[in-house]
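Notes follow the structure.
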Amino acid sequence: MEKFTVHKGIVVPLDRANVDTDAIIPKQYLKSVKKSGFGPTLFDDWRYKVAGEPGMDHSKRELHKDFVLNQARYQGGSILLARENFGCGSSREHAVWALTDYGFRTIIAPSYADIFFNNSFKNGLLPIVLSEQIVDKIFSEIASSDAYELTIDLEKQEVITPTGETFAFEVDAFRKHCMLNGLDDIGLTLQHADDIRAYEEKRKQEAPWLFAS
Amino acid sequence: MAAKTLYDKLWDAHVVREEEDGTALLYIDRHLVHEVTSPQAFEGLRLAGRSLWRANSILAVPDHNVPTTKQHRGNGTAGIDDPVAKVQVETLNKNCEDFNVKEFLMDDIRQGIVHVIGPEQGATLPGMTVVCGDSHTSTHGAFGALAHGIGTSEVEHVMATQCLIQSKMKNMLISVDGKVQAGVTAKDIVLAIIGEIGTAGGTGYAIEFAGEAIRDLSIEGRMTVCNMAIEAGARAGMIAVDQTTIDYIKGRPFAPTGETWDKAVEAWQDLVSDDDAEFDLVVRLDAAKIEPQVTWGTSPEMVLPISATVPNPADETDAVKSNGIQAALEYMGLKAGEAIDNINVDKVFIGSCTNSRIEDIREAAKIAQGNKVAKNIKLAMVVPGSGLVKHQAEEEGLDKIFIDAGFEWREPGCSMCLAMNADRLEPGERCASTSNRNFEGRQGQGGRTHLVSPAMAAAAAIHGHFIDIRTLAKEA
């Protein structure tokens, strides 16, 4: 996993609540057996005029010109700003892979769906929770400027605006540690293999039916 | 000892170790696997040179991508026309072979939707932790199990370590008190709950469903309720064990037998919340007030009783919500103030991990019996949840009822719930669907989904529009 320390980038404002994972990456792209290549079909139904299929040349498809990802000023954006309950719906990690493959490193929203929130950390995508008021404020600052970038400092747990204003955010200590160092969860868990085996031995005595098949 | 909720008990029984910050390693008893969210996990194991921690904890089945028409089934993956989908199912088959994982192949009568076959086989047992790379894993909570969906990274993590890194969720109790009216089903109960607490109402919680109306439900009905816990934002939904639970499991292929069965049943008696257990949040609904439900918008919380009219965005004071209603009405092609029972539909889908079990099929068949699908319906399809459900329904003659009425009787799979296979809506088409999500494009780009119970879906097929099945019952 790529390390996340400090990141500065263009903010893309997606002014919607309850953005679901079907909207982030539609089902026809889930047939892939790979983790990469989902970027061009991120927000596919909102981004393009006609539904696409896997394997087609997406650069030739007709765009919905007013959708944020298609607007000139947001090209190269790496921080997504959205409303409450972002990532609701299916558990598909393809939603996170699509966001990271496109180039997003951070999302800012007032709240997230649980499974999406979890999946993000496993892929170096930092989901930041800021209050509705602050999110509102960032939306209006973007609207009243020509170019808008934010700096995210994970170590200090701060979002820094172009004027130097800072907003603190919370992040679970273990997840922060893993993101800062780009650590692989599985390797960490396997350090406790003896504990897992000991648990299994005890449990087999208490509830042998759980280990039958 | 402090009183515990059912969730507390399930959690405590599975903690392998706990860190100071409360993060725990949670042991996983059962891992269900399907073709869409597993290939990258198996690939990850291969790349790291890792093996499965406990292969016999895994049960795999292809369901999302499989075709549901008879001519495309019976010859392995050869019938899958879409080459990309075919590769995905073949990849699952190969992975299961290479890693020695038990899989029900496409032609096996035990094949079906992962959340139907787990319980059907007795692979889901009370007291288990159950995970699957699928958000509707909450279904299995109906057995007093701790069950939830996970992403592909976590699928790989469970494969390699038999554990998940978890923080404990909060406890919510949803009690549906009293009895429901005739014609009101488990689906209506859970849609009413989502209407009440919203799609993010359960975020961060494990929900226990309780109360007389929940206790009165069959296991199939309880699975429908727990299935949609995720649509209320809760990864896990659960229901305490009682005799209904135990009767359902007895004799199933993966269930314990003999002395082990007796010992298990004894242990399962404790899978209830203690009388004085404390919940972080308690929500109560009056069962008698729940009517048959129909969603009108593009989120499961956009739901109303059949007797209602489509809402007006002008009546909503919150700007974000008002815009949401407006956008949903535009997408759905509906006008504020329109009566729900006046909405015509084009297609009807009876199936999905929410409503494709034998009881669902029976309820729909009761409505279809002796009737014909209305002329304006382009397609009405029934997709049983598994080969065994299909077989059972055919033994009862239910397939004939549907076929005589003009429904298509299909082979098992996820089908038009998410439209990964050929079963889908065309832009602008309106569907009465027994599935679980009415998101934009869920059943096909531009498709319009209304979530309902199996009986309500069958009634919409016969009448061509939504209709209150309670009035049908009175006429009959």
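Note on naming: letters A, B, ... go to the chains in the order of the sequence lines (proteins, then strands), and numbering restarts at 1 for each one.
At a 4.5 Å heavy-atom cutoff, the contact between Ala267(B) and chain A is made by side-chain atoms alone. If you measure heavy-atom distances from Val89(B) to chain A, you find no contacts under 4.5 Å at all. With a 4.5 angstrom heavy-atom cutoff, Arg197(A) touches chain B via backbone and side-chain atoms both. Using a 4.5 Å cut-off between heavy atoms, Gln443(B) contacts chain A through its backbone alone, with no side-chain atom that close. With a threshold of 4.5 angstrom between heavy atoms, His136(B) does not approach chain A through any atom at all. Only the side chain of Asp184(A) has a heavy atom closer than 4.5 Å to any heavy atom of chain B. When heavy atoms are compared at a cutoff of 4.5 Å, Asp82(B) approaches chain A solely by way of its side chain, counted from C-beta outward. Only the backbone of Val50(A) has a heavy atom closer than 4.5 Å to any heavy atom of chain B. In this structure, chain A has no heavy atom under 4.5 Å from any part of Trp261(B). Both the backbone and the side chain of Lys35(A) come within less than 4.5 Å of a heavy atom of chain B. With a 4.5 Å cut-off on non-hydrogen atoms, Glu200(A) touches chain B through its side chain but not through its backbone. Both the backbone and the side chain of Ala193(A) have a heavy atom closer than 4.5 Å to some heavy atom of chain B. For Ala212(A), the part lying under 4.5 angstrom from a heavy atom of chain B is the backbone only. In this structure, no portion of Asp44(A) lies under 4.5 Å from any heavy atom of chain B. Both the backbone and the side chain of Ala13(B) come within less than 4.5 Å of a heavy atom in chain A. Only the side chain of Asn85(A) comes within contact range of chain B, with heavy atoms under 4.5 Å apart. Proximity to chain B involves both the backbone and the side chain of Asp45(A), based on heavy atoms less than 4.5 angstrom apart.
Interface summary for chain B: among Phe117(A), Trp209(A), Tyr112(A), the most heavy-atom pairs under 4.5 angstrom belong to Trp209(A). Contact count versus chain B (heavy atoms, under 4.5 Å) is highest, among Ser32(A), Ala95(A), Gly55(A), for Ser32(A). In terms of heavy-atom pairs under 4.5 angstrom with chain A, the leader among Gln162(B), Lys263(B), Met128(B) is Lys263(B). The choice from His94(A), Glu53(A), Gln28(A) that makes the most heavy-atom pairs within less than 4.5 Å of chain B is His94(A). Interface check for chain A: of the options Lys102(B), Arg50(B), Glu231(B), Arg30(B), the most heavy-atom pairs under 4.5 Å are formed by Arg50(B). Of all the listed residues (Val320(B), Thr199(B), Ile230(B)), the one sharing the greatest number of non-hydrogen pairs under 4.5 Å with chain A is Thr199(B). Chain A forms the most heavy-atom pairs under 4.5 Å with one residue out of Asn56(B), Val155(B), Asn436(B), and that residue is Asn56(B). Ranked by heavy-atom pairs under 4.5 Å with chain A, the first of Met169(B), His64(B), Arg54(B) is Arg54(B). Taking chain A as the reference chain and counting heavy-atom pairs below 4.5 Å, the highest number among Ile150(B), Thr37(B), Leu125(B) is found for Ile150(B). Your options are Ser91(A), Ala207(A), Ala173(A), and the one with the most heavy-atom pairs under 4.5 Å with chain B is Ser91(A).
In this structure, CG on Asp185(A) lies 5.0 Å from NE2 on His157(B), to the nearest 0.5 angstrom. Between the CG atom in Asp22(A) and the CZ atom in Phe439(B) there is a gap of 6.5 Å [rounded to 0.5 Å]. In this structure, the separation between NE2 on His177(A) and CG on Asp21(B) is 11.0 Å, given to the nearest 0.5 Å. Interatomic distance, Ile165(B) CD1 to Leu188(A) CG, rounded to the nearest 0.5 Å: 6.5 Å. Atom CG of Leu30(A) is separated from atom CG of Leu418(B) by 7.0 Å, given to the nearest 0.5 angstrom. Between atom CD1 of residue Ile28(B) and atom CG of residue Leu210(A) there is a gap of 12.0 Å, rounded to the nearest 0.5 Å.
Within the 3.5 Å criterion, the main-chain N or O of Arg17(B) finds no donor-acceptor partner in the side chain of Asp195(A). Arg437(B) places a side-chain N or O within donor-acceptor distance of the main-chain N or O of Gly89(A), the cut-off being under 3.5 Å. Between the side chain of Lys122(A) and the backbone N or O of Glu154(B) there is no donor-acceptor pair closer than 3.5 Å.
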*Checking side chain to side chain contact (heavy atoms under 4.5 Å, CB included) for the pair Ile186(A)/Glu156(B): CA distance, chi angles, key distance, verdict?*
CA-CA 8 Å; Ile186(A) 296 177; Glu156(B) 186 181 337; 3.6 Å; yes
*Determine, stepwise, if the pair Lys34(A) / Glu43(B) fulfils side chain to side chain contact (heavy atoms under 4.5 Å, CB included).*
CA-CA 9 Å; Lys34(A) 299 190 182 125; Glu43(B) 189 59 18; over 6 Å; no
*Could you go step by step and tell me if Ser111(A) and Thr203(B) meet the side chain to side chain contact (heavy atoms under 4.5 Å, CB included) rule?*
CA-CA 9 Å; Ser111(A) 60; Thr203(B) 304; over 6 Å; no
*asked:* As a quick check of understanding, evaluate side chain to side chain contact (heavy atoms under 4.5 Å, CB included) for Arg92(A) and Val36(B), giving each step before the final call.
replied: CA-CA 9 Å; Arg92(A) 59 186 73 163; Val36(B) 179; over 6 Å; no
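Shown here for Asp172(A) and Ser167(B), the closest heavy-atom pair between the two residues is OD1-OG, 4.4 Å.
Here the side chains of Arg175(A) and Thr23(B) are not in contact, with every heavy-atom distance at 4.5 Å or above. At least one side-chain heavy atom of Trp53(B) sits under 4.5 Å from a side-chain heavy atom of Leu190(A).
A side-chain N or O of Glu440(B) and one of Trp46(A) form a donor-acceptor pair less than 3.5 Å apart. Side-chain atoms of Ser153(B) and Glu93(A) form a donor-acceptor pair, as typed in the model, at a separation below 3.5 Å.
By the neighbour-count criterion of 12 heavy atoms within 6.0 Å, atom CD of Glu259(B) is sparsely surrounded, having that number or fewer from other residues, nucleotides or ligands.
Under a 4.0 Å N-O distance rule, the pair Lys31(A)/Glu90(B) does not qualify as a salt bridge.
Ring orientation note: the planes of Phe211(A) and Tyr27(B) are tilted relative to one another, at an angle of 30° to 60°.
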